[in-house]
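Input: a single structure, listed below in structure tokens.
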Amino acid sequence: CPNIAQVQIVWCIAQGPVPTWLDHLSQVPYPKNAANVTQRLSVEEHDDNSLNARFNLINGAPTAGILSQDDDLLRPCESMDAGFAL
């Protein structure tokens, strides 16, 4: 999704370490997008397995608009673009 500035994943390390492939993806630089962000994937690690972690303030969020959703939902880029255009 070219209009999404950043994806942040909340990971509970009590369930195990961040998978190598995911950690690797968070290190890959991307071309700057509309929000001038080059790190498009951010993994936030937490010690406790709490659903409340998803509601913590995101330090350094690149935009004012934030979408939070569960990992079992898929949304097309067009739907997210339309939601943030309102």
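Values reported hereafter were calculated over all heavy atoms of this structure, with side chains retained and with hydrogens, waters and symmetry mates removed. Positions are given from 1, in the same order as the sequence printed here.
- For L22, the side chain to side chain contact (heavy atoms under 4.5 Å, CB included) criterion is met by I9, W11, V18, P19, L41, V43, not counting sequence neighbours.
- Taking C12 as the reference, nothing meets the disulfide (SG to SG under 2.5 Å) condition, with sequence neighbours excluded.
- Criterion: ILVMFWY side-chain heavy atoms under 4.5 Å apart, direct or through other members. Under it, L74 and V10 are not part of a common hydrophobic cluster.
- Annotation: side-chain hydrogen bond (donor to acceptor under 3.5 Å, both in side chains) contacts involving residues 73-86, sequence neighbours excluded, comprise N3-D81, Q69-R75.
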